[in-house]
Amino acid sequence: MITVELDNFSLREICRSGQCFRMHETAENNTYELVAGDKYLKISQAGSIVNFYCSDVEFICYWVPYFDIDSDYGRYIEKVNPRDTYLSAAVQCGNGIRILRQDLWEMIITFLISQQNNISRIRSCIERLCVRYGEKLKAGDTEYYSFPTPQQLSVATEEELRRLGMGYRARYIVETTRSILAGEVSLEKLYQMKYYRRARKELMKLSGVGEKVADCICLFALHHMDAFPIDTHIRQVLDEHYRRGFPNRRYHGMRGIMQQYIFYYELIGERGKI
DNA sequence: TCCCAGGCGGTAG
DNA sequence: CTACCGCATGGG
């Protein structure tokens, strides 16, 4: 077990922010478990003290970048315009959220499924996908299923995926998997792309990936902090609170985290009370 | 029950 | 360019 003290870090807020659909609160208090790619982690928090139930090497090499632990989120929070009462409230509500560095392939499939779908159903769809096409693995005596690789998912037919409840997104999954395996879009190249706009444009070559889904992938996998996914909730907020547009200039290099604070606030925060 | 969900692709004007 | 439409399914 690794114990560290972290500022502006909250498992509760990370879990509920809806970036990772395979993170769950357990029966134990303030204890969570998550599966990312083929890795399982149990993690708990008391105040600013966070316990990672894993080896030193795994912590340093995998979970530090995954949870963006080396970044100072106080720097983002300081930048918020105090006269922007809406954003200030959103940040206060969602303080502790991190922008995760999740697996690119997993985010592509996850956010293909997310479109025109509700969060609990997205979760169950992904879980079924993992059970059906992923690998059964063990961490100690805990069994879990890895997220299927492109090769593993390539055996799925559109009809099979429809039976799994993917709906009309089944075709997108089949076509996108084929595109990746055929090398029409390269995951390695996407990881190397320095510019957000370039990666976004490349992702939009995939079937079922439009502007919003591409932005989610850019933010939650590629860590392009200027990506600003606009979904139905964010659209409402922009119309209501930012009629003259979101202050992009001010939040250059941190638009993504501001989007997450807003999304979280709308999802479970004190919406409508201002 | 009935509405809707972290949209996208296609078509029409 | 913008405006619409159809799409699958089950959670609340």
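Within every chain, numbering begins at 1; the chains are lettered A, B, ... in the order of the sequence lines, protein sequences first and strands thereafter.
Criterion: ILVMFWY side-chain heavy atoms under 4.5 Å apart, direct or through other members. Under it, A:Ile234 and A:Ile122 are part of a common hydrophobic cluster.
At a threshold of 4.0 angstrom between heavy atoms, the contacts of A:Thr110 with the nucleic acid are absent. At a threshold of 4.0 angstrom between heavy atoms, the contacts of A:Gly210 are confined to the sugar-phosphate backbone, with no base atom among them.
Judged by distance alone, the side chain of A:Arg235 and the main-chain N or O of A:Asp231 form no donor-acceptor pair under 3.5 Å. A donor-acceptor contact shorter than 3.5 Å is absent between the side chain of A:Arg171 and the backbone of A:Ser207.
Counting side-chain heavy-atom gaps under 4.5 Å among Ile, Leu, Val, Met, Phe, Trp and Tyr, the cluster of A:Tyr53 also holds A:Met1.
The pair A:Arg198-A:Glu202 does not meet the salt-bridge criterion, since no charged nitrogen lies less than 4.0 angstrom from a carboxylate oxygen. Salt bridge annotation for A:Arg178-A:Glu184: present, with a cationic side-chain nitrogen under 4.0 angstrom from a carboxylate oxygen.
At a cut-off of 3.5 Å, with distance as the only test, a side-chain donor of A:Gln19 or A:Ser17 sits close to an acceptor on the other residue. Using a 3.5 Å distance cut-off with no hydrogens or angles, the side chains of A:Asn51 and A:Thr3 do pair a donor with an acceptor. At a cut-off of 3.5 Å, with distance as the only test, a side-chain donor of A:Tyr196 or A:Asp215 sits close to an acceptor on the other residue. A:Glu5 and A:Ser48 form a side-chain donor-acceptor contact under 3.5 Å, judged by distance and modelled atom types alone.
Comparing C:dA8 with B:dC2, their P atoms sit 22 Å apart, to the nearest whole Å. For the P atoms, the distance linking C:dC5 with B:dG6 amounts to 23 Å, nearest Å.
The outermost nucleotides of DNA chain B lying under 4.0 Å from heavy atoms of chain A, listed 5' to 3', are B:dA5 to B:dG9.
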Show me the donor-acceptor pairs within less than 3.5 Å that the side chains of residues 124-133 of chain A make with the rest of the protein, sequence neighbours left out.
residue  : atom : partner  : partner atom : Å
A:Ser124 : OG   : A:Arg121 : O            : 3.0
A:Glu127 : OE1  : A:Arg22  : NE           : 3.4
A:Glu127 : OE2  : A:Arg22  : NH2          : 3.1
A:Arg128 : NE   : A:Leu164 : O            : 2.7
A:Arg128 : NH2  : A:Leu164 : O            : 3.1
A:Arg132 : NH2  : A:Glu160 : OE2          : 2.7
A:Tyr133 : OH   : A:Glu160 : OE1          : 3.3

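Contacts between residues 212-226 of chain A and DNA chain B, defined by a heavy-atom separation under 4.0 Å, are made by A:Lys212, A:Val213, A:Phe220. Within residues 168-186 of chain A, the residues approached by DNA chain C to less than 4.0 Å at the level of any non-hydrogen atom are A:Tyr168, A:Arg169, in residue-number order. Contacts between residues 114-127 of chain A and DNA chain C, counted as heavy-atom distances below 4.0 Å, involve A:Gln116, A:Asn118, A:Ser120, A:Arg121.
Between the CD1 atom of A:Ile119 and the CZ atom of A:Arg16 there is a distance of 11.0 Å, given to the nearest 0.5 Å.
Residue A:Gln260 is the one, among A:Gly208 and A:Gln260, whose nearest nucleotide of DNA chain B lies closer to the 5' end (criterion: closest heavy atom). Both A:Leu206 and A:Pro229 sit near DNA chain B, but only A:Pro229 has its closest nucleotide nearer the 5' end.
As a whole-Å value, the separation of A:Ile113 CD1 from C:dG11 P is 15 Å. Look at CD on A:Glu211: it is 13 Å from C1' on C:dT2, rounded to the nearest Å.
Nearest approach of A:Ser154 to A:Leu181, heavy atoms of both residues: CB-CD1, 3.3 Å.
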